[in-house]
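See below for the structure under consideration.
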Protein chains: 2
Amino acid sequence: MVRIREFDIDQAVDRAMDLFWRRGYAGTSLQDLLQELSIGSGSFYAAFGSKEQLYLRSLDRYIHLQGGDLEKTLGGGAGIRPAVRKVLTSLIEADLTDPARGCLVVNTSTQCGGQPSATERVNTAVRQVESLLADALERAQMRGEISSDKDPRKLARFLTTVIQGIRVVGQARTGREFAEDALSTAMHALD
Amino acid sequence: MVRIREFDIDQAVDRAMDLFWRRGYAGTSLQDLLQELSIGSGSFYAAFGSKEQLYLRSLDRYIHLQGGDLEKTLGGGAGIRPAVRKVLTSLIEADLTDPARGCLVVNTSTQCGGQPSATERVNTAVRQVESLLADALERAQMRGEISSDKDPRKLARFLTTVIQGIRVVGQARTGREFAEDALSTAMHALD
DNA sequence: CCCTTTCTTGAATGATTAATACATAACTGG
DNA sequence: CCAGTTATGTATTAATCATTCAAGAAAGGG
């Protein structure tokens with residue numbers, strides 16, 4: 001009954017996410033996006049409304065993907081210690097592999113200038129990490145892996161903060177040792 | 001022998017630093033700067049060369065000021081624990097007072113897109129924090145405030161990472177409790 | 001095979017950007 | 001008080017920005 005879209009919207013969001021991730025909001029021009037997505041501006045605005053809306057959509061996608069990864073790692077059969085270690089290690093590796101990316105949530109929080117819709121998402125993302133960690137820590141505590149006098153939520157907030165910190169020093173190109181020293185020290189908080 | 005400049009360059013750098021700090025590089029237009037500094041574009045380019053050069057100069061100024069503050073707090077007569085606690089607490093307070101600012105170094109690292117001159121400064125700043133903390137921790141260790149089996153540099157890297165993390169979650173508007181939970185957990189690393 | 005609907009293409013829009021040019025004004029050594 | 005030097009203010013530049021618009025193309029029901 002109608003002409004069908006020639007590109008896949010979800011795939012386009014993923015590609016846009018990658019571009020925003022590496023170059024930031026201001027650093028990604030509409031031309032960059034059009035070229036990366038191989039579409040014209042008409043299609044772009046018909047599909048996404050505006051650059052800002054696509055950014056927010058990309059950010060939502062990012063938060064969803066990261067949350068899924070985190071949940072999977074923390075929910076895998078391993079104990080809480082190797083699981084947390086794996087979470088932190090994979091961040092360090094990611095920063096070493098591609099230092100230009102960092103974390104889209106962190107990038108957003110420093111670039112959005114307090115814009116409500118972006119700030120709200122940043123807050124949501126941080127709270128998501130906090131609660132995924134808190135749940136995992138609580139389960140570990142019930143299994144006896146963590147001393148009963150620890151507060152899982154407090155520990156989760158601590159680890160969330162360390163995660164954000166690692167993402168920052170990772171972008172500062174301080175080298176693997178730096179982040180690994182921070183990691184090994186942070187792990188002692190679980191003891 | 002010549003006409004003298006009508007504005008104070010150092011003061012102008014301070015004001016520009018404040019603007020870049022709150023609004024970011026891309027978010028601060030030349031017009032914004034000219035208005036804030038109350039000068040014309042001719043004077044601007046004569047004095048600073050370009051927007052980018054002024055940004056780097058503002059960043060240098062920021063790093064210098066922050067380094068001085070940190071050195072002062074860590075060098076004050078207090079023990080290492082209250083000193084470190086004060087450093088972290090003041091960051092939390094700053095984020096609560098003015099969440100739009102955050103840390104200019106962190107902001108730069110996520111906004112510069114890997115530009116060498118900016119990345120280099122970010123690296124320098126992180127290493128500066130690391131070594132100021134490492135020196136203070138080493139002195140504290142010699143005074144017997146810190147157990148001799150600790151590695152001051154490792155601890156310094158950990159605290160540096162926590163500092164960056166606090167700056168991020170502070171901008172995420174997660175509230176005072178969040179950062180304070182992270183702070184109190186982090187302090188145990190010194191025990 | 002045509003009509004309706006939706007998508008695509010590409011040019012045009014006006015706003016904003018950083019940066020420059022130039023005439024004028026201020027200051028000082030001689 | 002004049003000459004030389006440097007700062008200032010304004011107007012302008014060329015580029016780039018996100019967005020809109022209109023005309024043509026694809027698809028499927030009747």
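Just so it is clear, the structure is predicted and the values come from calculations on it, not from any experiment. In what follows, chains are A, B, ... by sequence order, proteins preceding strands, each numbered from 1.
- Here the side chain of B:Arg5 is nearest to one of D:dA7, C:dT8, D:dT19, namely D:dA7.
- Along DNA chain D, the nucleotide nearest A:Ile4 and the nucleotide nearest B:Gly40 are compared for position; the residue whose nucleotide lies closer to the 5' end is B:Gly40.
- Atom OH in A:Tyr45 sits roughly 7 Å away from atom P in D:dA18 (whole-Å rounding).
- At whole-Å resolution of the value, CD1 in B:Ile9 and P in D:dT6 are 14 Å apart.
- Ring geometry for A:Phe48 versus A:Phe7: interplanar angle of 30 to 60°, hence tilted.
- One hydrophobic cluster, built from ILVMFWY side chains closer than 4.5 Å, cannot hold both A:Leu96 and B:Val126; they sit in different ones.
- Across the protein-nucleic acid pair, A:Leu30 atom CG and C:dG10 atom C1' stand 14 Å apart, rounded to whole Å.
- Taking atom NZ of B:Lys51 as the reference point, atom C1' of D:dT16 lies 13 Å away to the nearest angstrom.
- Atoms CG (B:Leu34) and P (C:dT16) sit 16 Å apart, rounded to a whole Å.
- One interatomic measurement links the two molecules: CD1 of B:Ile39 to P of C:dA19, which rounds to 13 Å at whole-angstrom precision.
- Across all strands, A:Ser38 comes closer than 4.0 Å to no nucleic acid atom at all (heavy-atom distances).
- In this structure, the nucleotide among D:dA18, C:dA18, C:dC27 sitting nearest to the side chain of B:Arg3 is C:dC27.
- Straight-line distance from the CD atom of B:Glu6 to the C1' atom of C:dC27: 11 Å, rounded to whole Å.
- If you take CG on A:Asn107 and CZ on A:Arg167, they are separated by 8.5 Å, rounding to the nearest 0.5 Å.
- A donor and an acceptor atom, one from each side chain of A:Gln115 and A:Ser117, are located under 3.5 Å apart.
- For the pairing with B:Tyr62, the ring pair (Phe, Tyr, Trp, His ring centres under 6.0 Å) check across B:Trp21, B:Tyr55, B:Phe20 returns one residue only, B:Trp21.
- Residue A:Ser29 places its side chain closer to D:dC17 than to any other of C:dT9, D:dC17, C:dA19.
- Of the candidates C:dA18, D:dT8, C:dC7, the closest approach to any side-chain atom of B:Phe7 belongs to D:dT8.
- Taking only side-chain atoms of A:Gln31, from C-beta outward, the nucleotide of D:dC17, D:dT20, D:dA25 with the closest atom is D:dC17.
- Between B:Ser41 and A:Ser41, the residue whose closest nucleotide on DNA chain C is further toward the 5' end is A:Ser41.
- For the pair B:Glu52 CD and C:dA18 P, the interatomic distance rounds to 12 Å; values are reported in whole Å.
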